Amino acid sequence: MSEEIRFDGKVAIVTGAGNGLGRAHALLLGARGAKVVVNDLGVSTDGLGASSAAADAVVAEIRALGGEAVADHHSVTEGEKIVATALEAFGTVDILINNAGILRDTSFHKMTEEQWDLIQAVHVKGAFRLTHAVWPIMREKGYGRIVMTASGTGIYGNFGQCNYGTAKAGLIGFASSLALEGASKNIRVNTIAPIAASRMVIASGLFPEELHDKLKVDDVAPLVGWLCSEQCQDTGGLFEVGGGFHAKYRWERSQGRLLHTNTLSPELVRDNWERITRFDEHSVHHSNGGEGFTELFARMASPAKGGNAFVDMEVAANAVSYLETEYDQNDAALYALAVGAAKDPLDRTELLYVNEFTGDDFRVLPTMAVLPATEVFLRAAKSGEPQLEGLNLPFAKGLHGEQYTVMYRPLPPKAKLKHTMRLKSAIDKGKSSVSVLAIETTDEHGTPLFYNEVTGFYPGVPGAGLERVASEEINVPPARVPDAVLADQTDVNQALLYRLCGDWNPMHVDPDYAAKAGYEKPFLHGLCTFGYLGRHVIKAFCDNDSRLFKSVRARFASIVMPGDTLETRMWRESATRIIVEMRAVERDVIVLKNGAVELFESVPG
Ligand code: NAI
């Protein structure tokens with residue numbers, strides 16, 4: 001066994017050492033060579049009465065074991081008198097264990113100011129008085145060991161102990177600062193939250209009776225002995241100890257959110273609440289307040305942390321943007337026509353998308369759910385404002401890379417919609433950047449309707465500083481022949497029709513604008529072809545019941561020219577999953593790839 005821990009030549013004060021935990025501390029220190037001042041006022045557990053018997057008995061015990069000890073019968077509220085006893089008997093103080101304590105438990109609504117003050121006086125003021133008196137002595141000699149006695153109540157709280165919990169938590173705060181102030185003088189200050197079936201605990205009925213035998217008062221003293229030893233360099237710690245269990249406590253800060261101070265509001269706090277309060281692998285611990293503040297100030301000083309010149313991740317990751325839109329049957333019918341529905345007015349299969357006289361049978365094509373996402377983008381472009389605070393990717397350079405749309409339920413014939421947009425991720429693709437925006441949509445009552453994920457690809461906008469994510473080749477069509485193939489020829493003025501649905505980007509209508517951007521002529525909106533794709537799957541696999549359509553994902557591989565024939569090839573992977581790919585037939589170019597559509601097994605309620 002390693003060298004025994006001893007206290008030869010050291011002078012220790014233990015307050016409240018006539019009973020319970022204090023007695024055990026005093027006996028341990030005395031048995032290991034310390035000269036002990038056994039302080040105790042000899043009161044009941046609620047602080048009544050006074051007697052010298054308790055302290056005297058412990059002094060006698062220490063002496064009987066061959067140790068050195070003197071009794072002190074002052075109250076800790078006169079702490080300097082106890083320190084005077086130590087100086088008079090032994091000439092110095094090396095160790096102080098602030099242990100004396102009483103209870104005045106009662107629920108807060110019944111608590112008197114006297115009950116409050118008394119508890120603060122004994123626990124906090126008492127510890128202050130003693131510590132204040134030993135402090136210059138310890139500083140002067142460059143050595144000191146101080147232990148505060150807190151309690152689980154000071155950490156978690158306890159019914160009927162508001163006064164006591166305040167005092168005990170106060171001691172934890174006292175020790176945290178004192179540890180910092182004592183560090184350079186080799187004064188170590190630690191706090192314990194003991195658990196022991198002392199007379200105080202038995203009287204209060206706090207712990208289950210069957211555990212009393214296991215929670216011996218003597219079992220707290222060894223940890224206290226270690227904390228008071230010359231060897232132990234820990235300081236500022238809080239330790240839970242009892243019944244053989246030993247543990248250390250620390251504060252944990254969630255990763256938190258640095259919210260943009262220009263837009264701070266209770267709503268912004270509410271909208272970020274989950275992230276503000278979440279403890280996960282990003283949570284941090286600091287051994288002292290200095291470290292905690294340093295880390296925080298560095299974060300505040302560097303708002304671009306985790307981003308680059310185009311994306312301020314700390315801000316963008318917090319940002320939320322709201323939009324409200326509405327549509328009715330006319331809008332739904334226009335959208336249906338714009339994505340090629342009901343081209344043959346005598347073919348009844350798709351009339352239900354355009355004929356409001358079908359009443360309850362009127363259907364809204366699910367891919368119309370992409371329109372609000374477009375609206376969010378275009379509003380930002382028009383206003384010159386970023387799509388989201390902190391997200392300053394140049395809109396003019398952006399291409400629509402991928403679209404994912406999920407239906408929570410079929411779209412009603414008309415609705416007022418509320419959209420909430422957040423940044424899902426911003427990705428470094430070397431010389432390019434990618435942003436993924438997530439837009440949740442509810443109806444005006446807050447019922448979730450659908451979700452859009454819009455992937456923007458920004459060629460020539462360097463991504464360094466953003467997250468790196470490897471590309472995945474998903475939804476690859478199988479080698480076999482498709483299970484279904486449907487084709488529709490678009491009209492040469494298809495883009496002019498589709499833009500009336502709200503996607504007014506001049507690229508799709510203005511020949512000069514398109515030419516300037518290096519294109520032969522205005523090309524068709526990617527999301528228009530996306531609508532054709534959805535329609536084809538509904539026809540081929542849903543028996544034309546659009547309500548079975550659950551989600552669609554596809555990458556935009558190449559532009560479509562108005563007049564192209566769009567051919568959707570579909571491979572059924574399971575009853576509810578279809579791999580899809582779209583080709584512009586005349587030019588034999590794949591225009592939508594890595595696509596998949598999921599279906600509901602039955603029409604959702
Ligand atoms: P205890 O009642 O057995 O011992 C406390 C001693 O302090 C008594 O001998 C009493 O006469 C003395 N005392 C009370 N007021 C005094 C004053 N003003 N000046 C000088 N001496 C005074 O209780 P126990 O359990 O040994 O408590 C020791 C410390 O541990 C207390 O601070 C208590 O709050 C704390 N504690 C105990 C827990 C436990 O499970 N036993 C749990 C959490 C904290």
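All values below come from the heavy atoms of this structure, side chains included, with hydrogens, waters and symmetry mates left out. Order of listing sets the numbers, starting from 1, for every ligand and every atom in it. In this text the structure is predicted, and so the values were computed from the model without any measurement.
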Write down the atom of Val70, the atom of Thr85, and the distance for their closest heavy-atom approach.
CG2-CG2, 4.2 Å
Between Arg188 (side chain) and Glu230 (backbone), is there a donor-acceptor pair under 3.5 Å?
no
Can you sort out the partners of Asp280 under side chain to side chain donor-acceptor pair (under 3.5 Å), two or more places apart, ordered by chain and number?
Arg278
Would the distance check show the side chain of Lys416 and the main-chain N or O of His445 forming a donor-acceptor pair, the cut-off being under 3.5 Å?
no
So side-chain hydrogen bond (donor to acceptor under 3.5 Å, both in side chains) across residues 19-32, not counting sequence neighbours, yields Arg23-Glu61
I need the contact residues for ligand 1: any residue with a non-hydrogen atom closer than 4.0 Å to the ligand, ordered by chain then number.
Gly16, Asn19, Gly20, Leu21, Asn39, Asp40, Leu41, Gly42, Val43, Thr45, His74, Ser75, Val76, Asn99, Ala100, Gly101, Ile102, Val122, His123, Thr149, Ala150, Ser151, Tyr164, Lys168, Pro194, Ile195, Ala196, Ser198, Arg199, Met200, Val201, Phe207
Pairs flagged by ring pair (Phe, Tyr, Trp, His ring centres under 6.0 Å) wherever residues 152-194 is involved - sequence neighbours left out:
His123-Tyr164
